[in-house]
Asks: 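My structure is below; once you've seen it, I'll send some questions.
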Amino acid sequence: MLMAVIVLARTRNLFAVIVLSGIYSFLMATLLVALDAVDVAMTEAAVGAGVSTVLLLGALRLCRSEEAKPAHRPWLPLALSLATAALLIYGALGLPDFADPEAPIHRHVAPRYLENEIDVPNVVTAVLASFRGYDTLGETTVVFTAGAGIIALLRRRKSKRGGDEK
Amino acid sequence: MIGHFSHVVTVLLMVAGLYVVMARGNLIKKLVGLSVFQTSVYLLYIAPGKLIGGTAPILAPQYTLYSNPLPHVLILTAIVVGVATLALGLAIAVRIKETYGTIEEDEIIAADNAVQDAEDARS
Amino acid sequence: MKNDLVLRVVGKLLIPFILLFAVYVQFHGDFGPGGGFQAGTIFAAGIVFHALIFGLERARKVVPDALVEAMLAAGVLLYAGVGVAGLLLGGNFLDYFVLDADPIHGQHRGIFWVEAGVAVTVCGVMLKIFYMFASRGDGSGGGA
Amino acid sequence: MSIAAHLPALQVVLPLLSAPLAVLLRHGGLAFAIVTAGAWAAFAAAVGLWLQAGELGVVSYHIGSWAPPWGIEYRVDRLASFVLLLVSGTAAVVLPYSRASIEREIPREQHYLYYAMFGLCLAGLLGITITGDAFNIFVFLEISSLSTYVLIALGRDRRALAASYRYLIMGTIGATFIVIGIGFLYLMTGTLNLADMAERLRAVESSRPALAALAFLTVGISLKLALFPLHQWLPNAYTHAPSAVTAFLAATATKVSVYVLIRFWFSVFGETLVFHNLPLPQIMLLLSLAAMFAASFIAIFQDNLKRLFAYSSVGQIGYITLGLHFDSVAGLTASIVHLFNHGVTKAAIFLLIGGIVAASAATTAQGAVSPRLTFDRLAGLAKRMPLTCFGIVVAGLSLIGVPGTAGFISKWTLIVAALEKEQYWLVGAILLSSLLAVAYVWRFVEVAYFKPAPKASGRQEAPPGLLIPAWLLVLATIWFGLDTSFTIGTAAEAAQQLVRVGK
Amino acid sequence: MSALQLAFVIPLLGAFGIALADRQPNLRESVTLVTAVLLFGTVLQLLDPVLAGERPELTLFELLPGLSIAFKVEPLGMLFGLIASGLWIVNSVYSIGYMRGNKEQHQTRFYVCFALSLVSALAIAFAGNLLTLFLFYEVLTLMTYPLVTHAGTDKARAGGRTYLAILMGTSILFLLPAVIYVWHVAGTTDFTAGGILPDDMEGGAVSVLLALFMFGIGKAALMPFHRWLPAAMVAPTPVSALLHAVAVVKAGVFSVVKIVVYVFGLDILAGVTDWLVALSGFTIVAASIVALSADNLKRRLAYSTVSQLSYVILAAALLAPLSIIGAALHIATHAFAKITLFFTAGAIYTAAHKTEVSQLNGIGRRMPWTMAAFTIGALSLIGIPPAAGFVSKWFILGSAAEGGHYLAVAVLVGSTLLNAAYFLPIVHAAFFKPLSAEDAHHPHGEAPWPMLLALLTTAAGTLALFFFSAPLLRLVQPLVSA
């Protein structure tokens, strides 16, 4: 996975980049399965590897497929990302150990979900649609927003946009 | 330390993505980096939800120990949000390509500055 | 690629199954992995295949633009509608217990419609985006 | 069902419903009617909630009847009700304005989508404000953000696209940072409900993840609220977006982000963590000062009117964040008051500027080069558009903080807060920076009033459809400058509530 | 409706009427005059109650918790109110002559802003607390700004910029924090006889506060913040008259006296005002010297104003009952004298198009009335009987000598000589020097009659104040006896 990402960061042929990101998503999906997150894995496979790849390729067809050489050496971004990394590690090391059953997330809220009081075996679906149904409504709205937004942006226009395209 | 291996991986992925976003000038490349950045956050949530010997949170009589479903739910939402953002970003990138004729940030900035100068000249 | 015989045949055979699988994922969501979002995506993927193999125009005939745009909105409305139904039946917003005399059954009913809403919107959006990108450029086949 | 009991849900759902309906109808006029209705309904709901929160202190609403922390809770305290009023009120004024404004700025067949996006943006902002659930904040943040990107990209200048893209990148990074922060908090507390989280956080206070979470949230939110130097997305976005959009965003988007920051700092982490374990207040102080001076200074040298006021916004945000760092009721009050006053003032200014755009678009051939408001084109404008210019001057005085305008009240409360902490030099800094405001406002005054117009052009005021909403807000800035029982009253109550919770 | 309310409503309506009468000059100017007369009448109505010891009050609304926009008429404010509203009548008459005589542009804007400036001047005069004072102090600045930049030329804009920069800058940087600080420590900003500051306030804080106020009130033109006055000379002469005599600078020194008396109180200031005495003394002398070297008549008058204003500040800083009375009186006497001088300057400009002192040889023969008025004004400023200036100067000088402030005494004497040195030569040249050659060829008489009428009236007033100063004294007596 790391390999995929690092190569991805290096290569400048966008087509390769997109394919790599697809691969990356697949790996991510398998990893998620290993972590018992089957629903997430399924979605990630469908979305990350499927939809976004198609989207990217579609967009690429409309654009140039070679990335230009970066003009300047990007020290600042590097520094910023490293700072972020440091902060993340700093925080992460304080987290409960991996798969520690005593971790708060296992003690506090989740147990009730697993009691299956509304008799829906797939707890994820239960939580998604019922307990936190409002989040999902928001999620759907986000999708809707994106869709409508893209219509607004890409719909062919009879009247040309303001004459700034000199 | 070994207990946090997953976190370390997560961090590296995230930072790689973040770096691509900030360092690269190509609009589409940026977006790829952005999605990598977001995707890697998923691990941060999911990994701690795993329990050794636990199974996917789909209840069945033969299992007793389940991994934590809540992070899964959150990440499902997050994935969807991510792809929505990606799609929108691509749409904008395409329009930029059409109006500017390029998807390289530097060239776009250059074009804008040209217009800006023209304005200043007029004023 | 429109007139590649093998593809056409395989497509003809495959697409119904894809759609069927989508429906399965949709309704089996309560018991196995899957749910509205995945179903919507897969369903859209089926149509996209159809478009890739038989051309955008025929796909547009099967699923016209207007319908797609309607789907976008309909899904959200359906979802929110369930919520409002909860309100009208005297519960809180998105309260499924009141959707049926038996609260548990009410929950199931609520989840069912909600998932349906998600699927519709997602499918609509996927298709719309695909159409958009495809019909841009030279108008022939889509992204992949 | 009794409406009153369900106001919290209706507050968000009504505008949210209006958007898909607008898309379904595919007709500009109907879309306008529906979304406007939604916004006004939201405003009514906000008023109702403000009253309820006044009586009860906190209004809590369990969505799906699932008790928190298992379900999602809607939670309206004094501050939330105040911000809700600001957001929905601005929307209620800006939407009627849009009708006349976008005629000239957006192609006809796009209108219904514009309204849909507007409705979504409104719903998103309201959702962020009202929710009591950490992850829910993120979801609605994304709703508002995505719709905002689209709204900006609808600007007719192609640079609107570049601006929108840049905002998308920076905004998403910010959002992801917020998700990381929330993730840390969740992993430490096992809950997503803010109130619950606050309690359980006490146990693990000043554990490393908690600190990291604080850092990530602060950075992420600062990106959204354009805290100097994370403001690069703002000037271009404000400059090239359609006028109505600029006005709405300037009044609400950044303000809601400030609200989220306050929420996390005071309601979740609490003072001890924020103000004593980390040098956060000092950093905030430095950045605020930087914003107050640098941004205002840049503003003076802008040649484009919209851009000038965009930078002024960055500067004014500095005042708001400055009030936060005091860690006192007085300081918090000042922030909240300025958050409101500046929202109203800036909305007024950008609406009036939109009027100028419209008027000059009418003179240049329809659909020709979108009029750029460079100063050379504004010479002698006061003759052509007296009402518009006078409005801008009044609002500008409010930015300066001249007594009799809302801005003066903000400044007064801010200075009182500084005196209370005996930071006299800070008083000087605040006043000095307001002199910079004098400078950039007066650039406009001189050009508009005392420069001869290029050609003897007759009087051509902006259409009433644009003037009336704008002047409503101008009058509001004067009103809130004279009668402060509402603004200061609410803000003080809110501040006390927050500080008490934080303790 | 009470007289106090009317005092604000009338000029507001007036301004509105003027704006409406944009197209018909005659109607417009008559509206102005009627408003001015009515206003003066209303203010006069307030006089008797105030003399009788009443303090009419009016509270509009609460601006901040515990802080309201409120008005309260007391002797000092009454005095200022009378001067402003009274001189407005004369000034309007004069303006009509001037603006028409010189065919100025934007006359409507001119008259509207003028009326509004009067409103804010009265509001300052009757302000019941610091906040109200500050509010209308700023409004006055904003209302006079268009008048200063009236011409719209680059020079005018530059002048206006200086005007605005100094007045706004000082008020925002020093006055505002001072006001807020007073509120912070005293919990109120209402003007009350004897001061409102807590007695236990230590000297350091008091002197800092005093400094903030004295420099914050830029309209009092205490050096080094005097530059705006000469800069504002680009304005038309009636505006200069307004700035120097009627509203602006008077608002400045009025605020100084008011704050010294009603916010600090003479007791708490004891011992911390020496630097102020010195600074105002320096301003007096320095400004007089600059005036001496100035050839442009208006510029000379401007610097004379700067020095005269510091008389008032000096008097206030002396903290003796007599000096306070002297300060109050000097506001009035200087107003009359200075407006007369500006009127004459404008008259000379309108009739003979002369602006420099060196061009005035023999002009007294062409414009005898004008120059006579000029002489009276000059005498008053120098402080020679039978002109009113003598009275106020006498009080100040007396209290200075009594209090043993020999520095102050020296300053007063020296400045008197300087005043004489820069005014008397003009008078001498005007009456006794021969006309210069080219002047002989363009004959011109007096200025238009409205201007002449106005300047003669004020000159007469200058004399009257000397002979009938008793009522004035009765009015300002309570300032110190309270």
Side-chain angles (χ1 to χ4, degrees), chain A residues 18 22 33 36-47 50-63 116-156, chain C residues 25 28-38 40-42 44-45 48 68-69 71-73 75-76 78-80 82-83 93-94 96-97 103-108 110-115 117-118 120-122 124-138 141-144:
Chain A
I18 292 169
V33 174
D36 299 347
V38 274
D39 286 83
V40 186
M42 191 169 171
T43 319
E44 174 63 19
V47 171
V51 177
S52 17
T53 313
V54 174
L55 282 179
L56 284 163
L57 288 174
L60 198 58
R61 215 177 90 269
L62 305 173
C63 303
N116 186 23
E117 62 195 81
I118 59 169
D119 180 32
V120 173
N122 183 351
V123 182
V124 175
T125 311
V127 178
L128 187 81
S130 180
F131 287 92
R132 298 188 64 85
Y134 196 67
D135 265 349
T136 313
L137 172 57
E139 163 197 336
T140 319
T141 316
V142 171
V143 177
F144 166 71
T145 313
I150 291 176
I151 301 178
L153 288 172
L154 296 189
R155 142 110 30 86
R156 290 234 176 279
Chain C
V25 170
H28 192 263
D30 294 6
F31 313 101
F37 186 80
Q38 296 88 333
T41 321
I42 297 170
V48 171
V68 172
E69 274 198 38
M71 284 169 73
L72 289 190
V76 180
L78 180 54
Y79 200 132
V82 175
F93 184 70
L94 281 179
Y96 306 150
F97 292 108
I104 298 301
H105 193 252
Q107 279 289 341
H108 291 186
I111 295 179
F112 172 82
W113 285 113
V114 165
E115 292 278 9
V118 177
V120 172
T121 297
V122 169
V125 171
M126 295 296 167
L127 283 177
K128 189 68 202 177
I129 297 176
F130 172 73
Y131 284 171
M132 278 294 175
F133 277 91
S135 64
R136 215 137 182 101
D138 50 24

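Each chain gets a letter, A, B and so on, in the order the sequences are listed, and its residues count up from 1. Since we're looking at a predicted model, the values are computed, not measured.
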Asks: Assess whether side chain to side chain contact (heavy atoms under 4.5 Å, CB included) is satisfied between Leu55(A) and Ile129(C), documenting all intermediate values.
Replies: CA-CA 8 Å; Leu55(A) 282 179; Ile129(C) 297 176; 3.1 Å; yes

Asks: Of the backbone (N, CA, C, O) and the side chain (C-beta and beyond), which part of His108(C) lies under 4.5 Å from a heavy atom of chain A, both, or neither?
Replies: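 Contact with chain A is through the side chain of His108(C) alone.
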
Asks: Using modelled atom types and a 3.5 Å cut-off, is there a donor and acceptor pairing between side-chain atoms of Tyr79(C) and backbone atoms of Gly138(A)?
Replies: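 No.
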
Asks: Looking at Met132(C) and Ile151(A), what are the two nearest heavy atoms and their distance?
Replies: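 In this case the closest contact between Met132(C) and Ile151(A) is CE-CA, 3.6 Å.
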
Asks: Taking Val25(C), Val122(C), Ile42(C), Ile111(C) one by one, which has the highest count of heavy-atom pairs under 4.5 Å against chain A?
Replies: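 The residue among Val25(C), Val122(C), Ile42(C), Ile111(C) with the greatest pair count is Ile111(C).
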
Asks: Against chain C, label Thr136(A) side chain, backbone, both or neither, depending on which of its atoms sit under 4.5 Å from a heavy atom there.
Replies: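 The answer is both parts of Thr136(A).
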
Asks: Looking at chain C, which one of Thr125(A), Thr43(A), Asn122(A) has the largest number of heavy-atom pairs inside 4.5 Å, strictly under?
Replies: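 Winner by heavy-atom pair count: Asn122(A).
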
Asks: Of all the heavy-atom pairs spanning Val76(C) and Phe144(A), show the shortest one and how long it is.
Replies: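 Shortest heavy-atom separation between Val76(C) and Phe144(A) comes out as CG2-CB, 3.6 Å.
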
Asks: State, yes or no, whether a side-chain contact exists between Leu128(A) and Phe37(C) at a heavy-atom distance under 4.5 Å.
Replies: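 Answer no - side chains too far apart.
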
Asks: Of the backbone (N, CA, C, O) and the side chain (C-beta and beyond), which part of Val123(A) lies under 4.5 Å from a heavy atom of chain C, both, or neither?
Replies: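 Contact with chain C: none, neither part.
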
Asks: Between chain C and each of Ala59(A), Ala41(A), Ala45(A), Ser130(A), count heavy-atom pairs under 4.5 Å; write down the option with the most.
Replies: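 The residue among Ala59(A), Ala41(A), Ala45(A), Ser130(A) with the greatest pair count is Ser130(A).
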
Asks: Is the closest side-chain heavy-atom distance between Thr41(C) and Val51(A) below 4.5 Å?
Replies: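 Yes, side chains in contact.
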
Asks: Please classify the contact between Leu72(C) and chain A as side chain, backbone, both or neither, with a heavy-atom cut-off of under 4.5 Å.
Replies: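 Both parts, backbone and side chain.
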
Asks: Against chain A, label Phe93(C) side chain, backbone, both or neither, depending on which of its atoms sit under 4.5 Å from a heavy atom there.
Replies: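 Looking at Phe93(C), just its side chain touches chain A.
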
